[in-house]
Every structure is written in structure tokens, then in C-alpha cells.
Amino acid sequence: MQEAMINKAKQLLADGVVDRVIGWKRGEFAYDITPAVFTSAEELDESFVYDDFTAANVSKYLVKESRKDGKVLAFLKPCDTYSFNQLVKEHRVVRENVYIVGIPGGPKLDAEKIKAKGITGILSVKNENYTLKIETVYGEESMPFYEAVLDKCASCKSKKHVIYDELMGEEGDVLDSNRFDMVEKLENMTAQERYDFWREQLSKCIRCNACRNVCPACTCEKCVFDNPDSGIENKAPADSFEENMFHIIRAFHVAGRCTDCGECSRVCPQNIPLHLLNRKFIKDINAFYGEYQAGEDAVSRAPLNEYKQNDCEANIVHERGVE
Amino acid sequence: MLKISLDKLDKLFEAISATKTLYIPTDREDGAAEYRKYESGMKLSSALNTVRSAKDFFFPQTENLVDFKMDGKNIEVIDVREESEDFVIFGVRACDARSFTILDKVFLAEPVDSYYKNRRDHGTVVAMACTRPAETCFCGTFGIDAAAPEGDAACYSDGESLFIEAHNEKGQQFIDSIASLLKDGDTSKLEEVRAKTREILKKLPLAKLTTDNFGGDKLNEYFNSDKWGELSESCLGCGTCTFVCPTCQCYDIKDFNTGHGIKRFRCWDSCMYSDFTKMAHGNPRLTQLERFRQRFMHKLVYFPANNNGEFGCVGCGRCLAKCPISMNIVKVMKALEVK
Amino acid sequence: MQVNENKEFQPLIVAFCCNWCSYAGADLAGTNRLNYPDNIKIIRVPCSCRVNPMFILRAFQRGADGVILCGCHPGDCHYTSGNYFTRRRMTLLFSMLDFLGIERDRTRVEWVSAAEGAKFAATMNEFTEAVKKLGPNRRLEDLRCRKQ
Amino acid sequence: MQRIGVFVCHCGTNIAATVDVKAVAEALGREPGVIVSQDYQYMCSESGQNLVKNAIKEHKLTGVVVCSCSPRMHENTFRNAAASAGLNPYLVEIANIREQCSWIHKDIASATEKAIILGKAAVAKVHLNAPLTAGESPVVKRALVIGGGIAGIQTALDIAEAGFDVDIVEKKPTIGGKMAQIDKTFPTLDCAACILTPKMVEASQNEHITIHSYSEVADVKGFVGNFTVTIKKKARFVDETKCTGCGLCTEKCPMKKVPNEFNMGFDNRSAIYIPFAQAVPKVATIDPNNCMMMKTGKCGVCSKVCSAGAIDYKQEDRLIEQQYGAIVVATGFEPIKLDKYDEFAYNQCPDVVTSLELERLMNAAGPNGGTLLRPSDKTHPHKIVFVQCVGSRCDDSKGKPYCSKICCMYTAKHAMLIREKYPDTEVYVFYIDVRTPGKNFDEFYRRAVEQYNVHYIKGMVGKVTPRSDGKIDVQASDLLANEQLHIDADMVVLAAAIEPDKTARPLATMLTTQMDTNDFFTEAHPKLRPVESATAGIFLSGACQGPKDIPETVAQASAAAAKAIVLLVKNSITCNPCVAHSDELMCNGCSSCEKVCPYGAITYIDKEFKMPDRTIAVRRVASVNPAVCQGCGACTVACPSGAMDLNGFSNSQIIAEVDAICK
């Protein structure tokens with residue numbers, strides 16, 4: 001796939017269809033891949049990579065990239081196309097300045113999961129028939145591929161590209177995913193258990209803002225948490241309240257807009273399952289207002305920007321589930 | 001050297017915690033390690049390192065500086081400083097142990113930061129030698145020997161026993177306090193383990209990385225490098241690298257209005273943030289490129305320029321593992337390097 | 001939040017009331033001398049849709065034990081549709097607070113018209129009792145704001 | 001530095017009896033920024049206002065907090081006072097310590113404590129108030145009257161008289177409303193049609209009045225001075241402009257078995273019909289549910305006989321859009337349905353009728369040409385029982401809790417008219433109370449009792465049972481004599497309660513006006529603003545606001561007209577400056593705010609900006625039209641970045657209030 005993508009990019013550059021290419025660049029190790037912009041065939045040959053570790057969603061970079069002169073080629077995985085579509089809907093990207101090539105997605109791998117197996121000193125990782133052969137300074141190791149898959153890929157919602165100019169490989173389908181299982185599990189706990197669960201998780205937060213800054217729905221010119229005039233500006237989780245507030249408000253601000261790309265949890269240095277907050281909103285929206293997946297199209301109204309006269313009342317929360 | 005059998009670690013921890021608050025790295029449910037206050041039954045993590053560094057003990061993420069109590073039109077200033085309790089941080093790796101030397105240069109230089117000093121005076125750092133360094137480790141680049149860590153005291157494991165030696169008076173006091181549990185031991189096997197560790201260190205992918213081409217005199221070579229644009233292009237501007245870093249020391253001072261007063265506190269700042277060093281006149285670093293450059297120039301050029309050549313990095317590798325887009329000081333050094 | 005060993009727990013409750021219906025309903029309750037507890041402190045907003053979730057969190061941070069939001073009945077909004085948006089926003093917000101283990105009875109939305117002084121008073125009596133039962137808000141308070 | 005003045009009102013004893021006003025003034029005087037804090041007997045009085053004005057001048061105040069009654073009561077009073085003393089009126093905040101404090105609490109200590117907290121919240125808010133200047137918005141010099149009964153007609157005539165164009169929208173094919181169906185009026189017993197129809201004609205002939213009959217209001221947008229209303233002109237299948245009202249079509253129409261609504265179904269009309277002789281507009285209407293041509297495509301008689309060529313079977317509903325400066329609601333009333341009153345046998349016995357049905361039975365244009373006959377066998381009734389308060393003053397779910405107000409008088413009228421015309425007919429009236437407040441009303445009632453010997457019996461009718469011999473057994477109790485009665489009546493007349501027209505509720509939603517629990521429109525103030533709704537530019541006329549008789553209705557109709565005229569004579573009106581505004585530097589241009597704006601007040605523009613990173617960028621940003629924005633604040637919450645804020649109720653102001661309350 002990587003070869004084909006490099007060739008595609010070279011050709012589009014050569015034909016003058018695009019001026020730049022946004023993709024992924026090889027790092028020091030097998031897994032430390034950085035999103036990057038390429039402008040020449042040489043650069044592409046030298047370091048363009050697309051493999052089991054190229055998980056980063058590059059759609060958010062297009063907010064800036066699409067405002068520059070010329071056209072940029074973006075390789076988007078199915079999940080990335082949802083994010084991009086949502087950005088189109090919210091007028092955050094200039095659609096005409098982006099040439100989208102849809103590429104097959106994951107499942108992508110999580111280096112942290114390999115390390116969690118006690119495998120360290122990783123020199124290279126090879127996927128041989130869904131067994132990972134890992135070369136380390138301490139010798140050869142192996143583990144099943146699926147045990148190292150990123151959480152976000154393990155509960156993939158769709159293999160379908162919802163927006164593209166060109167597609168490489170075959171079009172997939174929206175999947176019947178298990179993505180709400182964990183949300184449901186939490187819903188079935190008691191309030192005290194849920195409280196304890198989230199306190200344990202959110203107390204780990206170091207407010208590095210990685211979740212927010214990677215989120216393709218968080219593209220505000222100035223975030224309320226950085227704005228001293230907003231009344232909730234907050235640089236550090238100085239009290240457990242602030243840990244809660246940051247994540248509640250952030251989830252609320254992306255409610256109905258979150259494309260469930262899973263980047264927030266992927267990048268969290270403290271492994272907080274932040275996507276569960278977003279999924280909770282998605283699940284609620286589906287249950288209360290009908291099935292809705294942000295990013296699926298670029299025209300429909302976001303659930304919080306519309307209403308029905310017979311919407312359920314807020315006390316539905318009081319009436320269901322476990323207290 | 002004095003030693004204690006590894007299967008008696010519990011007893012050791014009980015003994016330390018009987019007189020002082022003890023912090024040890026333990027494994028969290030999600031597999032990551034973090035320092036926690038020792039309680040009976042807690043197990044020492046076997047992980048190479050914690051997600052958050054040990055700097056938190058001396059320079060916590062948030063810290064109250066002073067309170068202002070307000071009642072109507074009256075304001076009363078309350079000094080909230082209290083003498084810190086004595087505490088021991090056990091199991092600090094060589095990289096983090098060195099980080100305190102770097103932080104000391106910032107906080108203990110005149111004017112002395114009394115909040116930091118208070119904690120530093122009362123804390124004893126018991127380091128732990130590494131035996132299984134990872135690919136992200138490059139402490140050797142900064143002259144740190146992972147098999148012989150600094151700190152007030154250091155521990156070494158040969159697989160059976162834990163050897164302990166003091167590096168200074170504070171370390172000696174620590175050892176004296178647990179002397180009844182220790183006995184003299186043979187270090188021949190330990191030397192074998194250390195030699196093996198040093199072999200591994202040499203084989204690490206970043207073993208050849210040097211600081212030869214960086215230092216306080218390299219301002220002109222690197223400040224205007226055309227590489228910064230490319231390097232900072234994908235930076236998200238989050239604070240992960242700075243917050244997991246054991247040597248990042250920038251902080252912001254803020255006022256929190258409690259409704260009945262003001263709590264003036266400081267909290268970690270990050271040069272990656274758009275409001276970093278923002279002043280009344282505005283912000284001196286308006287672009288992510290400038291802020292990104294600040295971080296690496298600080299560690300590789302400005303810090304050595306002001307601190308006798310000491311670099312502001314200890315090669316712990318946390319930023320290599322944790323950066324959401326895998327941009328880090330190693331990539332920067334390799335890209336910038338002018339030989 | 002006030003706790004006195006001799007007295008029962010007196011919750012602090014913030015009520016956001018829309019200017020056109022619920023605030024007028026509260027006024028009517030007053031005009032008709034319908035008692036409700038002094039725990040309730042009303043903040044006037046033009047429409048229930050003006051209430052940002054951050055106001056509600058702010059109240060909890062600062063020691064409120066309950067927050068109630070009152071607006072015109074659905075269909076009767078002075079601004080046509082404001083309360084419909086309120087309903088969706090608050091449903092989701094409350095569900096999220098519940099998901100985080102915050103006691104669900106600390107938050108409520110009620111529709112009270114300008115003519116429903118009696119309903120206003122009854123609602124406030126009832127809500128105060130419900131919050132009293134829960135005791136002080138501990139899960140969503142900011143310790144720094146607690147009164148010394 | 002703020003210089004805030006606090007003024008605490010005693011409101012006589014209304015506040016001072018429960019709140020220690022001196023303690024409140026003292027406590028608030030200690031708040032940061034407060035430099036003067038005073039209390040006074042009646043702050044709204046002239047001398048109270050002078051106190052405020054003088055303090056503003058003397059202390060150079062930058063903000064004023066008045067702790068008094070509800071801001072809904074006197075906010076404007078104090079704003080005006082501030083303005084006259086040179087302080088921007090929007091630098092005034094009210095702490096409601098009467099309706100929301102002194103009147104609901106009994107314990108002085110806790111009420112005082114609460115008043116202080118409410119005062120502190122107002123002080124905290126006023127610290128952040130910004131001076132606001134109201135903009136102006138033009139007034140469209142045209143009024144809409146919804147409903148063409150006597151209320152709507154009178155309102156329209158008065159507005160037209162003042163020289164403004166006015167449109168009447170009437171859902172029925174003719175204007176006239178309920179009054180057109182009434183036979184005689186109380187207490188003068190003059191003929192309703194004789195006084196109504198000239199007004200109908202006057203309306204139709206007035207050059208300023210346009211009548212949209214057989215039409216409904218489909219949509220209302222906009223705001224005071226500038227409403228855009230969509231009117232649905234229902235297809236009547238007759239070209240109004242061509243029809244001469246000759247009535248030939250109604251004579252020739254073969255389908256003549258349609259119950260005649262105007263005569264309450266006591267006789268029939270044709271499928272193409274003119275409701276009554278004096279209808280305005282006098283234009284035929286085809287009832288498509290009964291027209292052979294419409295149902296089967298076979299017939300077309302009316303089309304053939306119409307020399308004017310006015311019949312158009314293909315006519316469709318038509319939407320017209322019109323701008324108005326003011327809207328008057330005159331949607332009137334309906335008698336309630338009596339389906340739930342089995343005890344009165346209304347559904348079982350044709351000789352049990354409602355009062356409105358009796359009007360038609362007695363009317364010269366009615367089914368029997370003015371002779372009162374039993375509907376069942378067309379015989380002359382010798383004993384008639386009237387039952388009062390059917391569905392009025394009910395505490396159960398069947399009826400209405402209120403008094404329908406007009407029944408006592410019209411029943412006296414009916415009784416009197418019957419006794420006058422048919423002296424051999426005995427009339428009994430069962431009542432709970434007889435209510436006759438009104439000019440010449442009690443005299444009128446006494447005439448019925450004394451002069452016409454109507455049998456008024458205080459008591460309830462328990463059961464009405466039709467008997468096989470055609471008589472109706474009325475079982476009742478006489479409360480004064482304390483005995484059970486059985487009357488074998490020939491007819492029973494039920495004074496059914498009246499309720500607002502069913503179309504009023506959806507209309508209120510479109511107009512964003514409030515209704516009470518009975519669906520009567522709520523006036524802006526029950527005493528001082530009885531003909532205005534709380535929504536600016538919407539006025540109330542007639543029984544849509546509450547039960548009324550004809551003179552009251554006409555009086556209110558003229559009052560509503562006067563209020564509408566007051567608005568229409570202005571070239572522009574002052575806008576509410578408490579509107580939303582967007583901080584362009586923070587705006588993402590995401591369109592969330594626009595999606596939730598009910599007024600379409602938000603548009604987007606592409607604008608060039610110097611960005612924080614020194615680049616120049618063209619960004620899409622929201623822009624609020626302050627003349628269109630009504631200040632609900634929906635956009636402020638939809639905006640994730642907080643770029644959108646609301647004047648007068650800003651994020652920081654509300655947060656300051658929250659903080660002060662939770663302190």
C-alpha cells in the first residue's frame with residue numbers, strides 16, 4: 001500500500017493536481033511516526049510511510065493546510081474522512097484546496113500495548129500472518145497482532161469513506177461495532193461505582209491538552225480553557241473539580257460533533273479512556289434523538305442545533321438506568 | 001556494600017515508612033507506573049520508569065503560594081507556607097536522579113525558591129540502577145550511567161538482593177535509619193549485572209547520539225535554522241512533552257478566586273502553549289515554530305550557556321514515548337545537527 | 001452549603017429562571033404569598049437557553065448543592081424555540097453528570113409558566129427536599145471554595 | 001474603579017416587615033465598589049427616585065443596584081431615573097427582594113440573609129455591566145388583526161380610522177363571529193345583527209381595511225414593528241373578485257343536505273353556500289367535503305349557473321406574505337363541547353340545547369323563522385328549564401375553573417324574551433349565584449324575576465332524563481327551600497361555559513406570546529397593561545384574553561387598537577440593546593449560532609484578519625444584526641469558543657451572580 005500511495009502522490013504532484021502531500025513520516029523506531037507535509041518525490045521516497053503504526057488522524061492539519069495557497073493531497077483513512085467531513089460542515093476547512101485520496105484503514109497498532117507485555121528495547125516490528133515478530137536489544141519476541149491493536153481500531157465504527165476525490169482499494173461498510181459496550185457497562189454500575197471509576201481515571205489527568213489539541217472537533221480559534229475572559233480558563237487541574245470540569249465541558253463542546261475517531265484516548269499520556277465520554281454522548285444522542293453520526297455527511301444539522309417538539313424531557317435521565 | 005534480600009523489600013518499605021513518608025513507583029491498573037505514597041502491601045513496579053517524573057515531589061504541578069482573604073472591602077494576606085514533612089522517594093532512575101541537579105540550578109540559585117527548597121531539604125532521593133533500558137533511553141548522551149545512578153543514596157539489584165549505598169550525608173542518614181535490616185554483601189554478581197547493563201546501553205539505538213555539536217555557544221548555528229519549520233509543522237501545541245519531562249521547570253502564577261478570597265498558586269506552564277510568557281504587552285513567541293524552538297533551544301543551548309555546559313535534558317525518553325505525534329528532542333537533534 | 005450540628009442540612013440551590021415565564025411565575029408565587037424555602041436563590045436569564053452548562057458546573061464548584069433550571073413550557077418559549085434547545089442540552093448534560101457518578105437529583109429542569117406561581121413554589125419545595133435528602137454536594141465541589 | 005450605589009426599598013411594609021432593610025443596606029455598603037448604600041420607604045416614588053438621581057450626581061456613581069420589587073415591575077422606572085441623572089440606564093440592576101424574598105419568607109433573620117445575598121449578586125453583576133445604547137428599528141405602518149368577530153372588526157375600524165392599513169384574517173368564510181349568531185343583546189334587548197352588520201359593511205368598505213376571509217395565519221416571523229406573516233388563503237373554489245353574491249348557485253346546488261353551521265345544525269345548507277344573508281364578504285364558498293363535483297367530478301351545476309364565471313374547482317390554497325408593524329389577536333371563544341355531560345342528556349335529547357343554539361332557534365333568520373319550537377317535534381314548549389354554569393366554575397377535569405361571565409345575563413335575556421313572546425311558557429332558571437355586575441345588569445335581572453316572573457331557583461340540576469312521552473324530567477335541588485324538585489320540562493337550555501377558540505394555542509406559539517392554563521392569552525400586566533401581550537407589538541382584543549360580553553369586548557378592542565396605533569404612528573422604535581454580539585477574533589465561523597437563532601439574526605462574512613501568528617487570513621465570522629436579534633442567548637451556548645456573548649446577560653455577569661450567591 002505504501003508504495004502505491006507514494007506513486008499516487010508523486011503522480012498527482014507531477015500532474016500539478018496538488019502542490020503538497022500530507023501523510024506520515026518515518027521515525028527513529030518502528031512506531032514513532034510523525035504526520036508530515038511532503039512537497040517532492042524525493043521527500044516521499046525518503047521518508048513517507050504507511051504501515052501498521054500510521055494511526056494519526058491528519059484531518060485536523062487540513063484546517064491550516066487548506067488555507068494555504070495551492071492544493072494539498074490528503075490520504076485519509078475511513079475514520080479520518082468522518083472528521084474531515086465534519087470540518088467541511090463547520091466551514092473549518094476549504095474543501096476545494098484539498099484532494100482526498102481514501103485509503104484503507106486499520107487496525108493500527110499501539111506500541112504501548114507491546115511495551116505493556118514487557119517487551120522493551122524494540123528495534124523492529126514485523127507482522128507475519130498476524131503474529132508480531134519483534135526484534136529487541138534483548139532478543140527476538142513475538143505476540144499476537146490483535147493483542148497490540150489500538151483500542152480505537154478494536155471498536156472501529158466504519159470502514160467506509162464518507163468523503164473523497166479518489167479511492168485506493170475497495171470501499172468498506174459501516175460496521176456493526178461494539179463501541180458502546182464499555183459505556184453500557186459503566187451505565188449499569190451504581191453511581192458510586194461510576195464516580196469511583198471516573199475519579200480514578202480523571203485524577204490521572206495532567207492537563208497536557210493532548211486530547212484537546214489532537215481532536216479534530218476542537219478547532220476553536222481560542223479555546224475557552226485558554227481564555228482568561230471565559231470564566232473557566234484553567235491551566236492545571238488544581239482541584240478534582242477542575243479535572244471533572246475540563247473533561248465535561250470538552251465532551252459537551254464536541255457533543256454531536258465528535259466523529260469518534262478515538263484520537264483523544266490514543267494520545268493521552270495517562271491512558272485515560274476519554275473516548276468513553278464522547279461515546280456516552282453519541283449513545284445518548286442515538287437513543288434520545290435518533291441515530292446520528294457526526295461526519296457521516298456535511299449537511300445535516302448537529303443534534304444540539306436542532307430539536308423536535310416531542311423530544312424527551314431531561315428527567316429521562318432520572319428515570320433510566322442505575323442510580 | 002550493604003544489602004537486603006529482594007524478597008524482604010516489604011520489610012524495608014515498612015521500616016522506611018515507619019519514620020518518614022515513603023513514595024515508591026507502583027504499577028497502575030492500566031499497566032503504567034506511577035509514584036504513590038507507600039501503604040502496606042504495595043509492590044514496587046518493575047517498569048523502567050513512571051509516566052510522570054519524580055520532579056513532582058519537589059516541583060508539583062500546582063502549588064499554593066499565598067492566600068488573600070477577602071471580607072467586603074478588607075483584604076488579609078496569609079502566608080500558606082509550612083515546613084514540609086520528611087519524605088523518601090525510592091526507586092528513582094538515574095535519569096530522574098540527575099534531573100534534580102538541573103532543577104536545583106534553577107530553583108536553588110539566587111533568588112532561592114523557598115517552596116522548592118523546603119521540599120528539597122526534607123526529601124531523600126533513593127535512586128535505583130537500571131537493568132533493562134529501553135530503546136527510547138539516551139541518558140548516556142548526557143553522561144549519565146544508568147547502572148550507577150546519583151541521588152542521596154542508590155540501590156542496585158543483582159536479581160537476588162538489593163544493594164544500597166549512600167552518596168552523601170542525607171543518604172547515610174537514610175541507610176542508618178534502616179541499618180538493622182541490612183547486612184554486608186558480596187557484590188561480585190552485582191558487578192556482572194552492571195557490566196551486562198552497560199553492554200545493553202551501548203547497543204541501544206540511540207547510544208551514538210551525542211551532544212558534541214550542541215552547547216551554549218551554538219546559538220547562531222541553530223536559532224535561525226531552516227529546519228524549525230519542518231520540525232514544528234506537526235506539533236499540536238500540547239504540553240505532553242513538557243509535563244512528562246523531569247527537567248522542564250517553567251511555571252505560571254495565577255490567581256484563583258474562591259469567592260471569599262484569592263488563592264495565588266503556581267502551576268506548570270509549557271512553552272508549547274500559546275499563552276506561554278504572555279505579558280501585558282503581548283506574547284513574544286507568537287507562532288508554534290517559535291515556541292517549539294524555545295523548548296529545544298532551551299535544553300540544548302540556553303541552559304548550557306547559563307549553567308556551565310550542563311544540558312537541560314537527561315535522556316529519560318518520556319517525550320519519545322508520549323508525544324502524540326512522535327516529535328521529540330532526538331529527532332530535533334538529529335535534524336539540526338551541524339557538524 | 002451550611003451544616004450546623006444542631007440544625008438540619010440546609011442546601012444551597014441556584015435556580016436559573018427565564019425572564020418571561022419562570023421568573024414571572026416566581027414573582028406570582030411571591031404575589032400570592034406562596035412559601036418556598038430560602039435555600040432557593042434565583043438568577044434571571046432572558047431565556048432558559050441562555051444557561052450555559054458551565055454556569056451549572058460553576059455553581060456546583062462554588063458549593064451549590066443543587067441547580068434547577070426553569071423555562072417556559074415547550075411550545076410557549078417567548079423566543080419560539082429556546083427551551084427546545086435547553087431541553088436537549090440539559091438532557092445530555094445531566095446524563096453526562098449521571099455517567100460521571102454525580103447524584104442525578106442535584107439537577108433538574110422544570111417548565112413553569114408565568115401563570116404557575118403555585119407550581120413554582122411546589123417545585124421549589126419539592127426540589128429542596130430532594131436535595132436535602134442527598135446531603136451536601138461533595139462530588140462536584142471545589143475544595144478551595146469551601147468556606148473555612 | 002467602580003462607584004456603586006445601593007438603594008434598598010422598604011416598599012412600605014411589603015419588604016420591611018420581613019426583611020431588615022437597614023441591615024441589608026449596611027451589609028451591601030461593605031461590598032467592594034459600593035460607596036453609598038441607603039434605604040428608603042418607597043424607592044419608586046418621586047422622592048425615592050430623586051434619592052437615586054441625587055446620589056448618582058453627588059457620588060458620580062458608575063452603577064446602581066436597587067433592592068426592591070421584581071425588575072419586571074420597576075426596572076424601567078429606575079433605568080429612566082438613572083438616565084435622567086446622566087447614568088446609562090443599563091448600569092442599573094435590580095435585586096428582587098419583594099416577590100422573591102419578603103413575600104415568600106416569614107423568618108426575618110433568614111429573609112434578611114437571603115436579601116443580602118440577592119443584593120450581593122446584583123452588586124457583583126453591576127460591576128460588569130457595560131453602558132448600552134439602544135438602536136432603532138423602523139416600523140411597518142400596517143396592522144394585522146387575527147379574527148373577524150366584533151372584537152377584530154372594532155379594532156380594525158379604529159386602526160383604519162387613524163389612517164393605517166389593516167388586514168383582518170378570519171378563518172370562516174365571513175366575518176361577524178359569534179355576535180352574528182346572537183339574536184338579541186342584553187341589557188337593551190336590541191337586535192345583534194342590526195348593530196353588527198353595519199360595522200361589517202363598514203369594515204368591508206373601508207379603504208384601509210383588507211379582509212382575508214376563509215384564511216388562516218400560517219407563520220409569523222420577525223418582531224415588533226417588523227413582523228412578517230404568512231397568511232394561508234384557503235381555497236373556496238370561488239373567485240372572490242368575480243362572485244357577486246347573487247346566491248343563484250346556492251339555490252341550484254343539488255346537494256342541499258349539509259348541516260348549516262350558522263344555524264347550529266338545526267337546518268341545512270347547500271354544498272356551495274353563503275353563511276348568512278349579510279355575510280361579508282358576500283361571496284359563495286364551496287364545501288369540498290360535500291360538493292358532488294369535488295367528490296365525484298360529476299355535477300358542475302354551480303359553474304353552469306354562475307353568470308360571473310366565478311366558480312373555479314381547481315382553486316388551491318394560496319400563501320401570501322405581508323409585513324406588519326403590529327398584530328392584534330382577536331380569536332374569540334367557543335362554547336365548550338358538552339360530550340362529557342351525560343347527566344344533562346345533551347347528546348340523547350334534541351330538546352336539550354345550548355344557549356347559543358337557543359339564540360338560533362329564536363332568531364328570525366333561524367330555522368323556524370323566529371318562532372321558538374322544540375327541535376324534536378316542532379311543537380311549542382310550555383315549560384323551559386335553564387341550567388346555569390354548565391362547565392363553568394368547575395373543580396373537576398370536565399369543565400373550566402373560571403366563571404364564563406356572560407351566562408347569567410344572556411340567560412336572563414332568554415328568559416325574558418320567552419316570557420315576553422310566549423307568556424304561557426313557564427321558565428325556570430337553576431343557578432349557583434346570579435352574577436350581574438355591570439351597568440343596568442342587576443336591574444335587567446330583576447326585571448326578569450319581578451316583571452316577567454321567571455322562576456329563579458338556587459340549586460343544581462342533578463339529572464335530565466328524556467321521557468317517552470316527549471317530556472324531559474329535570475331532577476334538581478332547591479337549596480333555599482331545601483327540597484328535591486322534579487320538573488317535566490319541554491325544553492332544557494344549558495349555559496355552556498365558553499373557552500378560547502382552538503386555533504388560539506398554535507397561534508400563541510407562532511406569536512411567541514404566553515397563555516394561561518386555560519389557553520386564554522396572558523396580558524402583559526393584569527391591571528396596568530390589560531390589552532398588551534408580554535411580547536412587544538402583539539395586542540389582545542376581546543374574549544381571547546378572557547370571557548367578556550359585547551360592550552367589554554368592544555371597549556377592549558378599541559383599547560387594543562389605540563395601543564397598536566401608538567406603535568404605528570412611530571417611524572421607528574427603540575430596540576432592545578441586550579442583544580448578542582460575536583467576538584470576531586474568537587469566532588470559528590462554524591455556523592452553530594446561526595442554526596439555533598430563531599430570528600435569522602446571524603449571518604456570516606468573510607473578513608481579513610491579522611492572526612496571532614502574524615499571518616493575514618481571511619476568516620468566516622458571525623455577524624449579528626442587532627435590530628433583528630431579540631436577545632434570547634441561544635447562540636451564546638451553541639458557540640463552543642464563547643465568541644458569542646449577550647449584552648446585559650454576559651457570561652461573566654451570570655458567572656459573577658453565581659459566584660456571589662454561592663459565596
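Below, read A as the first sequence line, B as the second, and so on, with proteins coming before strands; counting in each chain starts at 1.
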(request) Pick one of side chain, backbone, both or neither for D:A121, based on which atoms fall under 4.5 Å of a heavy atom in chain C. (result) neither
(request) Apply side-chain contact (heavy atoms from CB on, under 4.5 Å) to the pair C:Y23 and D:Q100, showing each step before the final yes or no. (result) CA-CA 9 Å; C:Y23 194 88; D:Q100 295 178 8; 3.3 Å; yes
(message) Between D:K595 and chain C, with a heavy-atom cut-off of 4.5 Å, which part of the residue counts as in contact: side chain, backbone, both or neither?
(response) backbone
(message) Looking only at side-chain N and O atoms, does C:R58 offer a donor or acceptor that is under 3.5 Å from a partner on D:N651?
(response) no
(message) Given heavy-atom pairs under 4.5 angstrom as the criterion, report whether the side chain, backbone, both or neither of D:R98 touches chain C.
(response) neither
(message) Can you tell me which portion of D:T522 sits under 4.5 Å from chain C's heavy atoms? Options are side chain, backbone, both or neither.
(response) neither
(message) Between D:T509 and C:G75 (side chain of the first, backbone of the second, donor and acceptor by atom type, cut-off under 3.5 Å), is there such a pair?
(response) yes
(request) Kindly determine whether D:T636 and C:N52 satisfy side-chain contact (heavy atoms from CB on, under 4.5 Å), including the steps that lead there. (result) CA-CA 8 Å; D:T636 62; C:N52 196 309; 5.8 Å; no
(message) For C:Q61, which atoms come within 4.5 Å of any heavy atom of chain D: side chain, backbone, both, or neither?
(response) neither
(request) Select, from D:D107, D:L511, D:I654, D:L118, the one with the greatest count of heavy-atom pairs under 4.5 Å involving chain C. (result) D:I654
(request) Select, from D:M73, D:M515, D:M510, D:E75, the one with the greatest count of heavy-atom pairs under 4.5 Å involving chain C. (result) D:E75
(message) Evaluate C:N32 against D:W103 for side-chain contact (heavy atoms from CB on, under 4.5 Å), listing each step before the verdict.
(response) CA-CA 8 Å; C:N32 293 342; D:W103 276 354; over 6 Å; no
(request) Would you name the heavy atoms of D:V637 and C:C49 that are closest together and state the gap between them? (result) CG2-O, 3.2 Å
(request) Identify the heavy atoms of D:L646 and C:P46 that sit nearest to each other, and give their distance. (result) CD2-CG, 3.6 Å
(message) Need one label for D:N14: side chain, backbone, both or neither, based on atoms under 4.5 Å from any heavy atom in chain C.
(response) side chain
(request) Go through the atoms of C:A121 and report whether side chain, backbone, both or neither lie under 4.5 Å from a heavy atom of chain D. (result) neither
(request) Determine the minimum heavy-atom distance between C:N19 and D:R72, stating which atoms define it. (result) O-NH1, 2.7 Å
(request) For C:R50 and D:G633, work out which heavy atoms get closest and say how close. (result) CD-CA, 3.9 Å
(request) With chain D as the partner chain, list the residues of residues 76-95 of chain C whose heavy atoms fall under 4.5 Å from it, by residue number, and write 'none' if nothing qualifies. (result) C:D76, C:C77, C:H78, C:Y79, C:T80, C:S81, C:F85, C:R89
(message) Using a 4.5 angstrom heavy-atom cutoff, name the option from C:T31, C:L28, C:D38, C:I42 with the most pairs to chain D.
(response) C:D38
(message) So does D:I104 get a backbone contact from the side chain of C:N35, meaning a donor-acceptor N/O pair under 3.5 Å?
(response) yes
(message) Tell me the closest heavy-atom pair linking D:C662 and C:L12, and the distance in Å.
(response) CA-CD2, 3.5 Å
(request) Taking all non-hydrogen atoms of both residues into account, name the closest pair between D:E99 and C:D27 and its distance. (result) CB-OD1, 3.3 Å
(message) Please classify the contact between C:C145 and chain D as side chain, backbone, both or neither, with a heavy-atom cut-off of under 4.5 Å.
(response) neither
(message) What part of C:V51 gets within 4.5 angstrom of chain D, counting heavy atoms only: side chain, backbone, both, or neither?
(response) backbone
(request) Check whether C:V45 gets within reach of chain D through its side chain, its backbone, both or neither, counting any heavy atom under 4.5 Å. (result) both
(request) Kindly check if the number of other-residue, nucleotide or ligand heavy atoms within 6.0 Å of NZ (D:K663) is above 12? (result) yes
(request) Could you tell me the separation between the CD1 atom of D:I661 and the CD1 atom of C:I13, rounded to the nearest 0.5 Å? (result) 12.0 Å
(request) Could you look at D:F223 and say if it's the side chain, the backbone, both or neither that has a heavy atom under 4.5 Å from chain C? (result) neither
(message) Counting heavy-atom pairs under 4.5 Å with chain D, which one of C:A114, C:A24, C:S113 comes out on top?
(response) C:A24
(message) I'd like to check the side-chain hydrogen bond (donor to acceptor under 3.5 Å, both in side chains) partners of C:N39; sequence neighbours left out, ordered by chain and number.
(response) C:Q10
(request) Could you tell me whether C:K41 and D:D659 make a salt bridge, using a distance below 4.0 angstrom between a side-chain N and a carboxylate O? (result) no
